[in-house]
J.: 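Below is one structure. I have some questions about it.
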Amino acid sequence: MTKEEDLGDLCQRANEYVSMLREKKKSKNKRGKIADICENIPFILTSNDDRELFRLCRAVDYICSAVQGKTEFIALPPALSLEFAEHIRVYMPKVSLSYRKIENIGVTSYMLGLAIVGAHIAMTYRLREGEKEEIIYAYPDVPISADIDFRKIHGMAKSVISSVVSGEGGRLTLLCGVASAIVLNYGNKLRETSGLMLESVRTMKSGNKVMLKAFEALDLTDLARTIFRLGIAGSIYNLTSNYPATDTREARIVRSFIEDLSKAIITYYSIGDLQELYKALRALTSESTINALRVIYGSEDLWREIYEGLLEVKVS
C-alpha cells in the first residue's frame with residue numbers, strides 16, 4: 001500500500017470508530033440530550049492547551065485531510081510535551097538543551113490526529129480529584145488472525161483494568177484478569193501463540209504540567225497458558241471485570257478472596273506451588289464467602305458460574 005492508501009484506510013476506520021461511538025451512546029441513552037462525541041478529549045490538558053486541537057472529530061479531519069495532501073506542521077502541544085517522573089527519566093535518552101523547548105519539536109497534523117484517536121481507543125480509566133487528574137491507557141498487543149476479534153479482546157481488557165482500578169484492587173489481580181480475557185479469546189490457540197503483551201501508559205497532571213508517571217510492556221503469554229491449564233479463565237474474568245468498589249461487608253470479603261486467589265495463581269505460575277491455590281479456593285467452603293459472592297454478583301447465573309467454575313479447577 002502507498003502512504004495515501006494507508007491514510008485512506010485509516011480515515012475510513014477513524015470515521016467508522018466515531019460512528020460506532022455515536023450509536024453506542026444513542027443505544028445507552030434513548031431519552032434526553034446526548035453529548036456530542038466530537039467533544040471528547042482523551043488527554044489531560046494544561047491551561048496553555050487549545051481544546052479545539054484535541055477534539056476527537058478534529059483528529060479525524062486531520063487524518064482524512066492528509067489523504068488529499070492537506071497537511072499542517074503543528075508545534076508539540078503542552079499536553080504532549082510530557083515531564084518524566086524520576087523513576088522513568090533514568091531510562092530515557094538525554095535530550096540536548098537546544099531541544100527542550102516545545103516550539104523546537106513538532107508533528108504533522110495527521111500524526112497528531114492518529115495520536116488522539118489512538119489515545120481515545122486506549123483510554124481505560126480517568127480519575128479527577130480536585131485539581132489532580134490521572135489517565136491510564138492500556139493496549140493488548142497480541143497476534144491477530146482472521147478468527148481473533150481484537151476489538152473484543154481490547155474491550156474485555158479495558159473492562160478488567162477499569163473495574164480493578166476503580167475498586168482499588170491489586171496489580172496481580174489486574175494481570176490475572178487481563179490474562180483471562182486473552183484466554184477466553186484464544187482458547188486452544190494459546191499453545192501455538194506467543195508474544196501476548198499488555199502495554200500501558202499512566203499520565204497525571206502536576207500543577208500545570210502533564211507527567212508520564214509509568215509505562216510498561218508485559219508479556220502475559222505464560223500466565224495466560226497457566227490460567228488456561230487451570231480451566232478457570234471464565235471465573236477469573238467475571239470476578240475481575242466486576243471487581244466490587246462498594247464499601248460493604250460482602251464487598252470486602254469478595255475483594256479479599258479475589259486478591260488471595262490472584263496471588264495464588266501468580267505463585268503457581270511462578271514456582272509451580274499449589275499450596276496457596278488450594279488455600280485460596282478453600283474459602284469457597286465458607287458460607288460467608290458464598291453469600292458474599294451471591295450478593296455482589298447478583299444474578300443466580302453469574303455468581304453460580306463463578307463458583308462452579310472455580311470448583312472445577314484442573315491441577316496436575
J.: Could you name each residue pair satisfying ring pair (Phe, Tyr, Trp, His ring centres under 6.0 Å) that touches residues 153-199, not counting sequence neighbours?
T.: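 Matches after skipping sequence neighbours: Tyr139-His154, Phe150-His154.
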
J.: Tabulate below the donor-acceptor pairs under 3.5 Å that side-chain atoms of residues 281-290 make, not counting sequence neighbours, or state none.
T.:
residue	atom	partner	partner atom	Å
Thr285	OG1	Arg282	O	2.6
Ser286	OG	Ser288	N	3.3
Ser286	OG	Ser288	OG	2.8
Thr289	OG1	Ala283	O	3.2

J.: To check you understand the geometry: which heavy-atom pair defines the closest contact between Thr193 and Arg225, and what is its length?
T.: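 So the minimum-distance heavy-atom pair works out to O-NH2, 2.6 Å.
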
J.: Assess the residue pair Ser81 and Leu76 against the criterion (side chain to side chain contact (heavy atoms under 4.5 Å, CB included)); give the C-alpha distance rounded to whole Å, side-chain angles, the decisive distance to 0.1 Å, and a yes or no.
T.: CA-CA 6 Å; Ser81 180; Leu76 191 66; 4.2 Å; yes

J.: Rounded to the nearest 0.5 Å, how far apart are CG of Leu223 and OG of Ser270?
T.: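 If we round to the nearest 0.5 Å, Leu223:CG and Ser270:OG are 8.5 Å apart.
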
J.: Any salt bridge (charged side-chain N to carboxylate O under 4.0 Å, His left out) pairs touching residues 71-80, not counting sequence neighbours?
T.: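 Every pair satisfying salt bridge (charged side-chain N to carboxylate O under 4.0 Å, His left out) with a residue in residues 71-80: there are none.
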
J.: Could you work out, with ring pair (Phe, Tyr, Trp, His ring centres under 6.0 Å) as the rule, every residue matching Phe54, not counting sequence neighbours?
T.: Phe43

J.: Does any pair with a residue in residues 115-135 pass ring pair (Phe, Tyr, Trp, His ring centres under 6.0 Å), and if so which ones, sequence neighbours excluded?
T.: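 Every pair satisfying ring pair (Phe, Tyr, Trp, His ring centres under 6.0 Å) with a residue in residues 115-135: Tyr17-His120.
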
J.: For Val165 and Leu127, run side chain to side chain contact (heavy atoms under 4.5 Å, CB included): C-alpha distance rounded to whole Å, both residues' side-chain angles, the deciding distance at 0.1 Å, then the answer.
T.: CA-CA 10 Å; Val165 172; Leu127 175 65; over 6 Å; no

J.: Is it true that Val117 and Met111 fall in one hydrophobic cluster, defined by side-chain heavy atoms closer than 4.5 Å?
T.: yes

J.: With a 6.0 Å cut-off (strictly less than), is the heavy-atom count around CD of Glu16, excluding the residue itself, greater than 12?
T.: yes

J.: How far apart are the closest heavy atoms of Ala179 and Leu220, and which atoms are they?
T.: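 Heavy atoms of Ala179 and Leu220 come nearest at N-CD1, 4.2 Å.
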
J.: Looking at every heavy atom in both Thr173 and Ser262, which two are closest together, and how far apart are they?
T.: OG1-OG, 3.1 Å

J.: Does any pair with a residue in residues 38-58 pass salt bridge (charged side-chain N to carboxylate O under 4.0 Å, His left out), and if so which ones, sequence neighbours excluded?
T.: Glu39-Arg55, Glu52-Arg55, Glu52-Arg58

J.: Looking only at heavy atoms, what is the nearest atom pair of Ile44 and Ala79, with distance?
T.: O-CB, 3.4 Å

J.: Would a 4.5 Å heavy-atom cut-off, applied to side chains only, mark Thr108 and Ile74 as touching?
T.: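 The answer is no, as the side chains (C-beta and beyond) never meet within the 4.5 Å cut-off.
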
J.: Could I get the full list of side-chain hydrogen bond (donor to acceptor under 3.5 Å, both in side chains) partners for Arg126, not counting sequence neighbours?
T.: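 Partners of Arg126 under the side-chain hydrogen bond (donor to acceptor under 3.5 Å, both in side chains) test: Glu133.
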
J.: So, do Lys152 and Asn185 sit near enough that their side-chain heavy atoms are less than 4.5 Å apart?
T.: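 Yes, side chains in contact.
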
J.: Is a side-chain donor or acceptor of Ser180 paired with a backbone partner of Cys176 at a separation under 3.5 angstrom?
T.: yes

J.: Identify, with sequence neighbours excluded, every residue that meets side-chain hydrogen bond (donor to acceptor under 3.5 Å, both in side chains) alongside Asn15.
T.: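 Asn15 satisfies side-chain hydrogen bond (donor to acceptor under 3.5 Å, both in side chains) with no residue once adjacent residues are dropped.
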
J.: Between the side chain of Lys158 and the main-chain N/O of Ile121, is any donor-acceptor distance below 3.5 Å?
T.: yes

J.: Take a 6.0 Å sphere around CZ of Arg13 and say whether it holds more than 12 heavy atoms from other residues, nucleotides or ligands.
T.: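 Open.
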
J.: Under 4.5 Å between side-chain heavy atoms, counting indirect links through other Ile/Leu/Val/Met/Phe/Trp/Tyr residues: same cluster for Phe257 and Val164 or not?
T.: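 Phe257 clusters together with Val164.
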
J.: Evaluate the side-chain proximity of Leu302 to Tyr307: yes if any heavy-atom separation is below 4.5 Å, no if none is.
T.: no

J.: Which residues pass the side-chain hydrogen bond (donor to acceptor under 3.5 Å, both in side chains) test with Asp147, not counting sequence neighbours?
T.: Ser145, Lys189

J.: State the CG-CG distance between Leu218 and Asp141, to the nearest 0.5 angstrom.
T.: 12.0 Å

J.: For Glu276, enumerate each residue passing the side-chain hydrogen bond (donor to acceptor under 3.5 Å, both in side chains) test, keeping only those at least two apart in sequence or located in another chain.
T.: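 Partners of Glu276 by the side-chain hydrogen bond (donor to acceptor under 3.5 Å, both in side chains) criterion come out as none, since no residue qualifies.
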
J.: Pairs in or reaching into residues 159-168: which pass side chain to side chain donor-acceptor pair (under 3.5 Å), with residues at least two apart or in two chains?
T.: none

J.: Ignoring hydrogens, what is the shortest heavy-atom contact between Ile116 and Pro42? Give both atom names and the distance.
T.: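 Distance-wise, the nearest heavy atoms are O-CG, 3.4 Å.
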
J.: Just checking Lys263: does its NZ atom have more than 12 heavy atoms from other residues, nucleotides or ligands closer to it than 6.0 angstrom?
T.: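 At most 12 heavy atoms, drawn from other residues, nucleotides or ligands, come within 6.0 Å of this atom.
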
J.: Report, one line per pair, each donor and acceptor closer than 3.5 Å where one atom sits in a side chain of residues 233-246; sequence neighbours left out.
T.:
residue	atom	partner	partner atom	Å
Ser235	OG	Ile306	O	3.0
Asn238	ND2	Gly234	O	3.2
Asn238	ND2	Glu305	OE2	3.4
Thr240	OG1	Ile236	O	2.8
Thr240	OG1	Tyr237	O	3.3
Ser241	OG	Tyr237	O	2.7
Asn242	ND2	Asn238	O	2.9
Tyr243	OH	Glu259	OE2	2.7

J.: Taking the side chain as every heavy atom from C-beta outward, state whether Ile232 and Ile265 have any atom pair closer than 4.5 Å.
T.: yes

J.: Given side chains that start at C-beta, do those of Leu190 and Leu196 come closer than 4.5 Å, heavy atoms only?
T.: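 Yes, side chains in contact.
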
J.: Can you tell me if Glu192 has over 12 outside heavy atoms packed within less than 6.0 Å of its CD?
T.: yes

